[in-house]
Novice: 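Pasting a structure here, questions to come.
All residue numbers refer to positions in the sequence shown, counting from 1.
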Amino acid sequence: MKLIEVDSAVMAYVEEGKDLVIRGDKTESAVMCLEDMTFDLKEAETSNTLLLLDKCLGVEDFEEDGPDLHHFQIQGVAHKYLELRPMRPKLQKLRLLLNQNPYAGDLYEDSPEHSGQKFTMEDLLGKVQASKREIIEQLKQIRACCIKGFWRLLDFDYEFEVLSQILSLMEENSWSMDWIPLEETLDTLEELKPRLIVQHVMDCFGEKTSNPESEDESKVTYKLNEDRICRLYAEMLLKHTDKFNLVEFLQAWQQSVPEGMNTSEDQLKGLALIDRASKPQVISLFKTSSLPENERDRFNFLFKTKERWTMDEISPYLEDLAEGKLKIGALLQKYARTSVGPGGVRVYNSKRPIT
């Protein structure tokens, strides 16, 4: 028998008849999950001896006068209990699992390059240290798609190809970026790509909207997201090169995106790193998803990559570790020290030597 100390919110959750689930592979520490929260599960010792009884009496069960003895069978003795502490879900493993077998179209499903393991939601729940709701939110964030019951990442080149076909169709029909009819798009492209995949890409790079000029309110239309599309084009340009001359990249990037869209360095946050100290200035792919999940390891990696960071530069690479600028500031206070760089700009560097 194990004793677990829980707060009132968790107790109310249990009393509603909902499940507490322990997750983690054999090589990982255990975590306890609710539907939408994850807790670190640690064993704590107590100096008191805890006697476990099959029932308990209150003050009202004893006589006011005279001795009152009751005999009970002790069911167990405990010197330890399990303690729950709220924690950030460990979600990086989700991308690692799905990267084993990205989807590049039915034509390549039997090829050696795409013979890796595939995972259902139940498989992921058994392997990833996070609650179901947190896993679902992360699947959406990394643009995963459920194909024939298995959750898959789209191969990058395949995803880019599908988006390019949607954009070409939009241009051929002179559709506004704010109004792309879903059914017409699916009907036109279904001979080239599965309807499920086309709609998934539209969900990833746009939002459902309504056409004010249409009398049919049931007709679904989409508005494309300029920042997401420009960001994908930037990744396409950077993924096959180590470093790119910044001026040349910015020109090539603006020329590559669909007509009417405007690129901005803000769209590169958490995706690319600009080295303004080099001559000429250069840019390289540097994605948040490729960084360590552990706080200390994350800072070591960042400061190995670059000795000094401004707040604007480092913040995008800490957002998944903290919620809001206040917590980012707390992390920087814990792992970095500040100094004043050229032009009076405050910069952050490591508190300890990087090995």
Side-chain angles (χ1 to χ4, degrees), residues 1-46 48-58 72-101 116-153 196 200 203 289 292-295 319-324 327:
M1 184 178 291
K2 299 288 185 182
L3 299 179
I4 302 180
E5 182 181 62
V6 300
D7 61 21
S8 57
V10 177
M11 192 66 216
Y13 179 89
V14 174
E15 288 175 339
E16 289 176 12
K18 297 179 180 178
D19 293 335
L20 292 176
V21 184
I22 296 177
R23 295 199 171 110
D25 278 342
K26 292 180 179 179
T27 57
E28 299 170 333
S29 60
V31 301
M32 181 79 80
C33 296
L34 281 60
E35 288 180 345
D36 57 357
M37 290 185 66
T38 305
F39 295 86
D40 193 18
L41 190 62
K42 296 294 185 184
E43 191 173 62
E45 292 189 2
T46 173
N48 297 321
T49 298
L50 302 176
L51 303 179
L52 308 182
L53 308 179
D54 57 357
K55 60 181 178 178
C56 188
L57 299 180
F72 296 101
Q73 180 70 39
I74 295 176
Q75 304 297 326
V77 179
H79 299 281
K80 299 177 180 179
Y81 63 95
L82 298 176
E83 187 177 55
L84 300 182
R85 295 181 182 177
M87 60 172 281
R88 281 186 302 102
K90 298 180 180 180
L91 293 164
Q92 194 173 62
K93 187 177 180 181
L94 191 59
R95 185 187 289 272
L96 296 176
L97 290 172
L98 299 188
N99 267 329
Q100 294 180 24
N101 192 351
Q117 188 175 356
K118 294 183 288 187
F119 301 92
T120 64
M121 176 57 75
E122 288 303 312
D123 295 331
L124 297 176
L125 289 172
K127 291 181 174 293
V128 180
Q129 293 171 291
S131 70
K132 185 174 183 178
R133 187 173 300 175
E134 290 165 334
I135 289 175
I136 291 173
E137 285 297 316
Q138 183 68 6
L139 286 170
K140 181 179 179 181
Q141 186 172 334
I142 64 177
R143 305 200 298 267
C145 181
C146 187
I147 303 172
K148 298 178 181 178
F150 296 98
W151 282 94
R152 313 281 296 276
L153 290 177
L196 170 70
H200 171 71
D203 285 330
S289 59
E293 199 168 26
N294 175 270
E295 287 180 5
E319 287 176 352
D320 61 322
L321 299 181
E323 297 177 1
K327 290 193 176 181

Novice: Mind listing the closest non-hydrogen atom pair of Y81 and E45 along with its distance?
Specialist: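 Heavy-atom minimum between the residues: CE2-O, 4.4 Å.
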Novice: Check the pair L98, F119 against side chain to side chain contact (heavy atoms under 4.5 Å, CB included), reporting the backbone distance first and the verdict last.
Specialist: CA-CA 7 Å; L98 299 188; F119 301 92; 4.3 Å; yes
Novice: State whether the side chain of N99 and the backbone N or O of L96 hold a donor-acceptor pair below 3.5 Å, judged by distance alone.
Specialist: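 Absent.
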Novice: Taking atom NZ of K127 and atom CG of L97, what is their separation to the nearest 0.5 Å?
Specialist: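 Going from NZ on K127 over to CG on L97, the span is 7.0 Å.
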Novice: Using modelled atom types and a 3.5 Å cut-off, is there a donor and acceptor pairing between side-chain atoms of K118 and backbone atoms of R152?
Specialist: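 Checking the backbone N and O of R152 against the side chain of K118, no donor-acceptor pair under 3.5 Å is found.
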Novice: Under 4.0 Å between a Lys/Arg side-chain N and an Asp/Glu carboxylate O for E43 and K80?
Specialist: yes
Novice: Would you sort out whether R88 and L321 count as a side chain to side chain contact (heavy atoms under 4.5 Å, CB included), showing the intermediate values?
Specialist: CA-CA 8 Å; R88 281 186 302 102; L321 299 181; 3.4 Å; yes
Novice: To check you understand the geometry: which heavy-atom pair defines the closest contact between D54 and F72, and what is its length?
Specialist: OD1-CD2, 4.4 Å
Novice: Under the 3.5 angstrom rule, does the side chain of R23 hit a backbone N or O of A30 as a donor-acceptor pair?
Specialist: no
Novice: For A322 and K327, work out which heavy atoms get closest and say how close.
Specialist: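 For A322 versus K327, the nearest heavy atoms are CB-CB, 3.5 Å.
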Novice: Could you give the distance from CG (D203) to SG (C145), rounded to the nearest 0.5 Å?
Specialist: 9.0 Å
Novice: Would you find a donor on one side and an acceptor on the other, under 3.5 Å apart, between the side chain of E16 and the backbone of M11?
Specialist: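 No; zero donor-acceptor contacts below 3.5 Å.
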Novice: Supply the atom-to-atom distance S29 OG to K90 NZ, rounded to the nearest 0.5 angstrom.
Specialist: 3.5 Å
Novice: Does the pair E28/K26 count as a salt bridge with the N-to-O cut at 4.0 Å?
Specialist: no
Novice: How long is the straight-line distance from CD of Q138 back to CG of L124, given to the nearest 0.5 Å?
Specialist: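 Taking CG in L124 and CD in Q138, the distance rounds to 11.5 Å.
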Novice: With rounding to the nearest 0.5 angstrom, report the CG to CZ distance, L139 to R95.
Specialist: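 Between atom CG of L139 and atom CZ of R95 there are 10.5 Å.
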Novice: Does the distance from a Lys or Arg side-chain N to an Asp or Glu carboxylate O, for K132 and D36, drop under 4.0 Å?
Specialist: no
Novice: Where do I74 and V77 come nearest, in terms of heavy atoms and distance?
Specialist: CG2-CG2, 4.4 Å
Novice: Which pair of non-hydrogen atoms, one from Q92 and one from P292, has the smallest distance, and what is that distance?
Specialist: NE2-C, 4.1 Å
Novice: What is the minimum heavy-atom distance between L53 and Q73, and which atoms define it?
Specialist: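 Looking at all heavy atoms of both residues, the closest pair is CD2-O, 4.2 Å.
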Novice: Given 3.5 Å as the limit, does a donor-acceptor pair link the side chain of D7 with the main chain of A9, or not?
Specialist: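 Side chain of D7 to backbone of A9: a pair is present.
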Novice: Quick one about E134 and T38 (side-chain donor to acceptor, distance below 3.5 Å, no hydrogens or angles considered), yes or no?
Specialist: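 There is such a pair between these side chains.
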Novice: With a 3.5 Å distance limit and no angle check, can you tell me whether Y13 reaches the backbone of L20 through a side-chain donor-acceptor pair?
Specialist: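 Looks like no, no N/O pair under 3.5 Å.
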Novice: State whether the side chain of H200 and the backbone N or O of C146 hold a donor-acceptor pair below 3.5 Å, judged by distance alone.
Specialist: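 Not at all, since once roles are kept as given, no pair shorter than 3.5 Å links the two residues.
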